[in-house]
Trainee: 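Mind having a look at this structure? Questions to follow.
All residue numbers refer to positions in the sequence shown, counting from 1. The shown structure was predicted, so the numbers you read here are calculated from the model rather than taken from an experiment.
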Amino acid sequence: MALSFSRRLLLMFILSSVLPLFLLSGVFAQIGRAIVEKNARRLQAQATADVSQSIAREIQSARAFAEELACRADVLSWCAGTMAGESEFISDLFQFIAKNQPNGSEVYVISDNKHKTISRSSVPSEYADGIFRDWGVLHKARTESGTVLFSHPHKNGAAVAIAVHAGDAGIVIVDILRERFAALFSPIAQKGSFTDFFVYDESGCIAFSPYVPSAEGLFVFDEMASRLHGKKSIAAKILGTPFTAESFCAENSGANYTKDLLLMAIFTAAIASVFALLFSAFVSRQIAEPVQNLARSFEKAESGDLSVQCEKPKGSLATEDMVSLIERFNKMVQKIALLTESRVEQERLLRVSEIKNLQAQISPHFLYNTLNSIKAMAKLKGEKGIAKMVTSLGSLLHDGFSPQEDSCVDFCSIEKSLELIHHYFYIETMRWQDKFSFEEHINPDILPYPIPRLVLQPIVENALVHGLEEKSTHGTLTIRGDFETLANGKTDIVLQVIDDGVGMSEAVLRAIKENRREALSTSSGIAISNTSRRLKLLYGESYALKIASKKGEGTSVTIRLPKGEKNDKSAYCGR
């Protein structure tokens, strides 16, 4: 309740004062960004139009020169093959071209009759013998009438080729180099903040690309579908030509201009919010601190710490009601602690009583069988062997049924428990001559470790009485013992009592495992059930007895113990 009150107070202040500051700063930044974006768009459109106009003028100038050159009488005569004094003509032609050709251009005069080309520079392979080839600018010039404008005619740096017929036997070509377009584009591009710019013809073939020269000769539609996706573009038709100039800008092209504006707005809102939050936090803390202390004390008490005591509030903001509430809480926790301690002690005593009761149920049955054996021995054989048998019985009674003083559960070493088994087995073999044999496979390292008294003995008794005595032939009792390392890294001691007696049916075995009434009505069921319950009470559910049996083949009982301290003779009073 206290934390909720404090947080609610701060949240109300943030919603009423701090949050509007940040919202206004965000709105202001967005308006500024929209204005900058609009202005950038306008500048981009203007720059694109200026570039397209400059390129249009350059193309018109080159076109006029190409048409003028194609109409000269000497050029027509040379193309037709009727000129005498060719060397003098070429010299005059070169002078004319050098004086009149547009900047950044190359001129080629191609004779269809002579299969020759006149040029002041090296002739591209597309022009040298291109008149005989059926593609490119020459093919277009031959198939169309009038002046032909062609995009990216060859790879020698030409952006646009202008082809004009020189009579019926020749063609004049003026190439506008990409360097010329770059010189026209460079001073204007700075105004538009372009990220890409293209000049392309009506088929989409790129004639000029200042940012990506490798795209020249490709199609702008392919570029737009991949690299230019998501960018804003503005296209401008280059008047008098089949070409289009198109510029591209990134989606957030105005971000750099608005970043400082946004930062300034956020910084101003942050400074105002810091002062407001400091004042609010101070006031809310003074009001809510006693309630928060009480809430934390409640949380500790809920987690089980009943020694907690809430500190009484101090200062002018401490109210009488709050002081009274904290005092009542402290008294309540003290009373709960006393009641809890009393309940724990009662449960401990009840548990000790239950364990003692389980131990007591086992003793009379075993003592009764042993006394019957002594009685039978006395009748059948007189005094011979009775002394040894009584000695074994005395050891069993002394070590198996005498709990240590001030103990709730007796422990002995595994070695001592096995010694009692030897005494008991001797008594049984005296009753049943040559009917049983005993095998022991024990890791000697486990012998000093503790085991609760009367855990191993009832299992051995069941194996002899209900397993081997009922068998018509000779039987064997085997005891195995060793360490076992678990998946969690801990180590258990595992003991197995195995007989090859008559075994149990699945129905009987299931009844014993489920502690059903019909199983508990037998001495075998009582011994196994009580021993299993003792182990579970001492160590937990995972340490219950594990029983495996098959009718006519025998029974195996597994006892699992946690590895304790060696030679532990102290009483174990439960957990």
Trainee: Would you give the length of the straight line joining atom CG of Asp201 to atom CZ of Phe150, rounded to the nearest 0.5 angstrom?
Mentor: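 Separation between the atoms: 8.0 Å.
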Trainee: Hey, what do you get for OG (Ser122) to CG (Asn156), rounding to the nearest 0.5 Å?
Mentor: 6.0 Å
Trainee: Check whether any side-chain heavy atom of His152 sits under 4.5 Å from a side-chain heavy atom of Ile206, and report yes or no.
Mentor: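 Answer no - side chains too far apart.
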Trainee: Taking all non-hydrogen atoms of both residues, which atom of Val75 and which atom of Leu93 are closest, and how far apart?
Mentor: CG2-CD1, 4.0 Å
Trainee: Run the numbers on Ser209 and Phe197 for side chain to side chain contact (heavy atoms under 4.5 Å, CB included), then give the verdict.
Mentor: CA-CA 6 Å; Ser209 174; Phe197 182 88; over 6 Å; no
Trainee: May I ask you to decide if Ala73's main-chain N or O and Ser77's side chain share a donor-acceptor pair within less than 3.5 Å?
Mentor: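 No, Ser77 side chain to Ala73 backbone: no donor-acceptor pair under 3.5 Å.
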Trainee: Flag the pair Asp74 / Met83 as yes when at least one side-chain heavy-atom distance between them is below 4.5 Å, and no otherwise.
Mentor: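 Yes; the side chains approach each other to less than 4.5 Å.
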Trainee: From the options Thr147, Leu69, Ile110, select the one residue that forms a side chain to side chain contact (heavy atoms under 4.5 Å, CB included) with Val172.
Mentor: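 Going through the options one by one, the only one that passes is Leu69.
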Trainee: Aromatic rings Tyr108 and His154: how do their planes relate, parallel, tilted or perpendicular, breaks at 30° and 60°?
Mentor: perpendicular
Trainee: What I want to check is whether the side chains of Asp50 and Gln46 have a donor and an acceptor closer together than 3.5 Å.
Mentor: yes
Trainee: For the CD1 atom of Ile493 and the CD1 atom of Ile559, what is their distance to the nearest 0.5 Å?
Mentor: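 CD1 of Ile559 is found 11.5 Å from CD1 of Ile493.
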Trainee: Mark yes or no for whether Thr48, through its side chain, and Gln44, through its backbone, hold a donor-acceptor pair below 3.5 Å.
Mentor: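 Answer holds: yes.
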Trainee: Identify the heavy atoms of Ala66 and Val164 that sit nearest to each other, and give their distance.
Mentor: CB-CG2, 3.7 Å
Trainee: Just how far is it from atom NZ of Lys490 to atom NZ of Lys563, taken to the nearest 0.5 Å?
Mentor: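 One gets 13.5 Å once the value is rounded to the nearest 0.5 Å.
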Trainee: Report the C-alpha distance between Gln334 and Gln309 in whole Å, list the side-chain angles of each, state the deciding distance to 0.1 Å, and finish with yes or no for side chain to side chain contact (heavy atoms under 4.5 Å, CB included).
Mentor: CA-CA 9 Å; Gln334 290 175 351; Gln309 289 289 290; 3.5 Å; yes
Trainee: Which pair of non-hydrogen atoms, one from Gln60 and one from Leu239, has the smallest distance, and what is that distance?
Mentor: NE2-O, 4.0 Å
Trainee: If you count heavy atoms of other groups shown closer than 6.0 angstrom to NZ of Lys38, is the number above 12?
Mentor: no
Trainee: What is the distance from atom OG of Ser542 to atom CG of Leu486, rounded to the nearest 0.5 Å?
Mentor: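 The OG atom of Ser542 sits 8.5 Å away from the CG atom of Leu486.
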Trainee: Got Asp175 and Tyr127 here, is their nearest side-chain heavy-atom distance under 4.5 Å?
Mentor: yes
Trainee: Would you say that Phe185 contacts Val199 through its side chain, given a criterion of any heavy-atom pair below 4.5 Å between the two side chains?
Mentor: no
Trainee: Step by step, would you call Arg560 with Tyr539 a side chain to side chain contact (heavy atoms under 4.5 Å, CB included)?
Mentor: CA-CA 10 Å; Arg560 182 179 295 274; Tyr539 304 120; over 6 Å; no
Trainee: Compare all side-chain heavy atoms of Leu561 with those of Tyr543 and state whether any distance is below 4.5 angstrom.
Mentor: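 They are not in contact (no side-chain heavy atoms under 4.5 Å apart), so the answer is no.
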Trainee: Once rounded to the nearest 0.5 Å, what's the spacing between atom CZ of Phe221 and atom SG of Cys205?
Mentor: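 So the gap between those two atoms works out to 10.5 Å.
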Trainee: With the side chain counted from C-beta on, respond yes when Thr195 and Tyr211 share a heavy-atom pair under 4.5 Å apart, and no when they do not.
Mentor: no
Trainee: To check you understand the geometry: which heavy-atom pair defines the closest contact between Phe94 and Ser119, and what is its length?
Mentor: CZ-O, 3.7 Å
Trainee: Can you name the closest pair of heavy atoms from Ala141 and Val148 and give their distance?
Mentor: CA-CG2, 3.9 Å
Trainee: Indicate the atoms forming the closest heavy-atom contact of Ala163 with Ile173, along with that distance.
Mentor: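 So the minimum-distance heavy-atom pair works out to CB-CG1, 4.1 Å.
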Trainee: With side chains defined as the heavy atoms from C-beta onward, is the minimum distance between Gln496 and Ser556 less than 4.5 Å?
Mentor: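 In short, these two side chains touch, coming nearer than 4.5 Å.
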Trainee: Within a radius of less than 6.0 Å around CD of Glu202, do more than 12 heavy atoms belonging to other residues, nucleotides or ligands occur?
Mentor: yes
Trainee: Using the rule given for side chain to side chain contact (heavy atoms under 4.5 Å, CB included), can you reason through Val107 versus Phe65, listing the C-alpha separation, both sets of side-chain angles and the distance that settles it, and then say yes or no?
Mentor: CA-CA 10 Å; Val107 180; Phe65 174 76; 3.6 Å; yes
Trainee: Do the charged groups of Arg72 and Glu68 touch, with an N to O distance under 4.0 Å?
Mentor: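 Not counted as a salt bridge, because no side-chain N and carboxylate O are separated by less than 4.0 Å.
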Trainee: Is any side-chain heavy atom of Glu58 less than 4.5 Å from a side-chain heavy atom of Pro102?
Mentor: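 Sidechains of Pro102 and Glu58: in contact.
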Trainee: Within the distance-only criterion (no hydrogens, no angle test), does the side chain of Thr117 pair as donor or acceptor with the backbone N or O of Val109 below 3.5 angstrom?
Mentor: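 Not a single qualifying donor-acceptor pair exists.
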